[in-house]
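Single-structure report; data block below.
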Amino acid sequence: MDASRPAGGTLDLAAPVRQGENGNGDGAQVRRQVQGLDGLRGLAALYVVLFHCWLYTFPGYPRSSAPPWLGGLMFGRLAVVFFLVLSGFSLAISPARHGWRSAGVGEFLRRRAWRILPPYWAALALSLVISWFVVPASHFGPPTGATVAVYGLVAQDMVTAPTPNGAFWSIGVEAELYLLFPLLLFVRRRWGAVILAACVTLPVIAGGLTAPGANPVEGDNWLAPHLAPVFAAGVLGAGVVAAGDRVRRLPWGWFAVLAALPVLAVGALRGSVWTVNHYFWIDLAIAPAMTMLLAAVATGKPAVLVRLLTARPVHGLGGFSYSLYLIHLPIVMTVIRRIAPHFVSPGLSTFWFTLAVALPVSILAAWTFSRLFEIPFKKNRSWKSILAARSVGVSP
């Protein structure tokens with residue numbers, strides 16, 4: 001299994017919520033954004049970049065050769081859990097405000113495809129070029145025709161093909177969860193939160209307990225069924241945004257801390273290698289704490305955290321976090337495998353060199369990439385409106 005795939009994070013594929021985003025309201029492009037979510041995306045994206053700098057510098061994952069004091073960078077897999085929770089949370093805010101209803105499945109999927117596919121396909125083309133001509137993306141060898149077909153159709157969680165970009169595995173997972181989202185809303189509206197949680201979680205737990213050693217071995221794909229409960233946790237958490245003052249005033253931040261402590265304690269006692277080898281259960285266990293953290297931020301608490309997340313640099317980073325996720329890994333691998341060997345020795349020196357070069361280059365490249373391939377599709381809802389904006393000289 002390619003260590004870069006199940007360990008990496010996915011980035012929000014749910015744009016900041018606008019009135020009408022999920023088919024609700026009058027369709028006006030008036031933001032109903034929950035403060036702080038973009039900042040969380042930005043910080044989480046930054047962690048994913050740091051994780052990949054660490055992962056490809058020090059071999060042997062999860063028994064890494066890195067210094068122990070860098071051990072905090074090894075849990076990139078938890079980024080995918082956080083982003084899936086955040087994605088479910090963001091997408092469900094508008095339906096939660098409207099009785100868990102949306103205008104229709106077709107409209108929702110159209111908007112999601114319009115939002116995620118253009119930048120994804122542009123990043124796919126870039127990744128293919130780099131993987132073919134600069135540095136291979138994995139130990140499976142260079143991309144093939146099957147790679148172009150599988151990844152072009154966003155089917156990488158269902159069909160195995162040499163990857164052009166180790167971060168793309170999670171895009172396939174999230175695309176599958178988008179197909180599930182309307183059904184989650186229906187169950188939540190018809191039968192309530194408890195039934196929804198049971199429907200998506202109990203089958204996963206049962207499957208895990210019946211696996212050899214009660215710990216399923218994960219491959220490079222078919223991860224969406226396992227990760228559906230964490231996405232659903234975010235959907236359920238969005239109900240806090242639309243709840244009454246009594247619920248919103250609850251200490252969600254402290255609830256998040258209390259929910260996370262047992263998971264963190266087990267991980268500390270058993271060690272990082274055990275934690276990585278038991279991500280199947282860690283994912284499920286940490287999702288409630290992440291959901292409560294989002295609920296806390298959505299209700300404006302703690303205030304110091306919300307101020308940090310809404311500060312201009314952090315908020316701005318969140319604005320192009322999807323682009324950063326899509327294109328950073330080829331840049332990081334190019335620096336580590338093609339440039340660093342000419343200047344520094346392997347190990348810690350390469351890590352510092354990569355941070356000094358690949359991190360700022362990734363951020364600058366992602367900002368530029370977002371201006372070309374992401375922002376136009378966030379601000380406009382059709383090709384006609386994009387072309388009209390360009391014809392009158394309006395910046396995308």
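Panel note: side chain Tyr178, backbone Phe108; no donor-acceptor pair is recorded below 3.5 Å. Side-chain atoms of Thr350 come within 3.5 Å of backbone N or O of Ser345 as a donor-acceptor pair. Put simply, the side chain of Trp281 gets close to the backbone of Ala214: a donor and an acceptor are under 3.5 Å apart. Side-chain atoms of Ser64 do not come within 3.5 Å of backbone N or O of Gly60 as any donor-acceptor pair. No side-chain donor-acceptor contact under 3.5 Å links Arg101 to the backbone of Pro95. Looking only at distances, a side-chain donor or acceptor of Arg189 sits under 3.5 Å from a matching main-chain atom of Trp100. No donor-acceptor distance shorter than 3.5 angstrom exists from the side chain of Asp38 to the backbone of Gly319, with no hydrogens or angles considered.
When the ring pair (Phe, Tyr, Trp, His ring centres under 6.0 Å) test is applied to Trp191, the partners found at least two apart in sequence or on another chain are Phe186. Remark: Arg110 engages Glu107 in a salt bridge (charged side-chain N to carboxylate O under 4.0 Å, His left out) (not counting sequence neighbours).
Screening Ile282, Leu86, Ile286 against Val81 for a side-chain contact (heavy atoms from CB on, under 4.5 Å) leaves a single residue, Ile286. With Thr147 as reference, Pro162 is the one residue of Ser131, Pro142, Ser127, Pro162 to meet the side-chain contact (heavy atoms from CB on, under 4.5 Å) rule.
With a 4.5 Å cut-off on side-chain heavy atoms, Phe280 and Val204 count as touching. Counting heavy atoms from C-beta outward, Leu294 and Met290 have side chains that stay 4.5 Å or more apart. Glu176 has its side chain within reach of Met158: a pair of non-hydrogen atoms, C-beta onward, lies under 4.5 Å apart. Between His52 and Leu55, the closest side-chain pair of non-hydrogen atoms falls below 4.5 Å. Two residues are said to be in side-chain contact when any heavy atoms from C-beta on lie closer than 4.5 Å; Asn221 and Val159 fail this criterion. Between Pro330 and Val135 the shortest side-chain heavy-atom distance does not fall below 4.5 Å. Glu374 has its side chain out of reach of Phe369: every pair of non-hydrogen atoms, C-beta onward, lies at least 4.5 Å apart. Considering only heavy atoms from C-beta on, Arg77 comes within 4.5 Å of Asp283 through its side chain.
Counting all heavy atoms, side chain and backbone alike, Phe58 lies closest to Ser65 at CB-OG, 3.6 Å. When all heavy atoms are compared, the tightest approach of Ala44 to Phe83 is CB-CZ, 2.9 Å. Closest non-hydrogen pair, Ile171 versus Gln156, comes out as CB-NE2, 4.1 Å. Shortest non-hydrogen contact noted between Val297 and Gly36 is CG1-CA, 3.9 Å. The minimum heavy-atom distance between Val357 and Val335, with the atom names listed, is CG1-CG2, 4.0 Å. Scanning both residues, Thr310 and Gln35, for their nearest heavy atoms gives CG2-OE1, 3.5 Å.
Counting only N and O atoms by type, the side chains of Asp220 and Thr160 include no donor and acceptor under 3.5 Å apart.
For the atom pair CG of Leu126 and CD1 of Ile130, the computed distance is 4.0 Å after rounding to the nearest 0.5 Å. Between the CG atom of Leu355 and the OG atom of Ser362 there is a distance of 10.5 Å, given to the nearest 0.5 Å. Interatomic distance, Trp367 CH2 to Leu317 CG, rounded to the nearest 0.5 Å: 13.5 Å. In this structure, CG in Leu329 is found 9.5 Å from SG in Cys53, a value given to the nearest 0.5 Å. Residue Trp254 holds its CH2 atom at 13.5 Å from NZ of Lys301, rounded to the nearest 0.5 Å. How far CD1 of Ile93 is from NE2 of His98: 12.5 Å, rounded to the nearest 0.5 Å.
Taking the six-membered ring for Trp, Phe377 and Trp383 have ring centres closer than 6.0 Å. Side-chain rings of Phe168 and Tyr120 approach one another, their centers coming within less than 6.0 Å.
A tilted orientation is assigned to the rings of Tyr325 and His328, their planes being inclined by 30° to 60°.
The hydrophobic cluster containing Leu250 also includes Val240, Val247, Trp252, Phe255, Met292, under a criterion of side-chain heavy atoms closer than 4.5 Å among ILVMFWY residues, counted directly or through chains of members.
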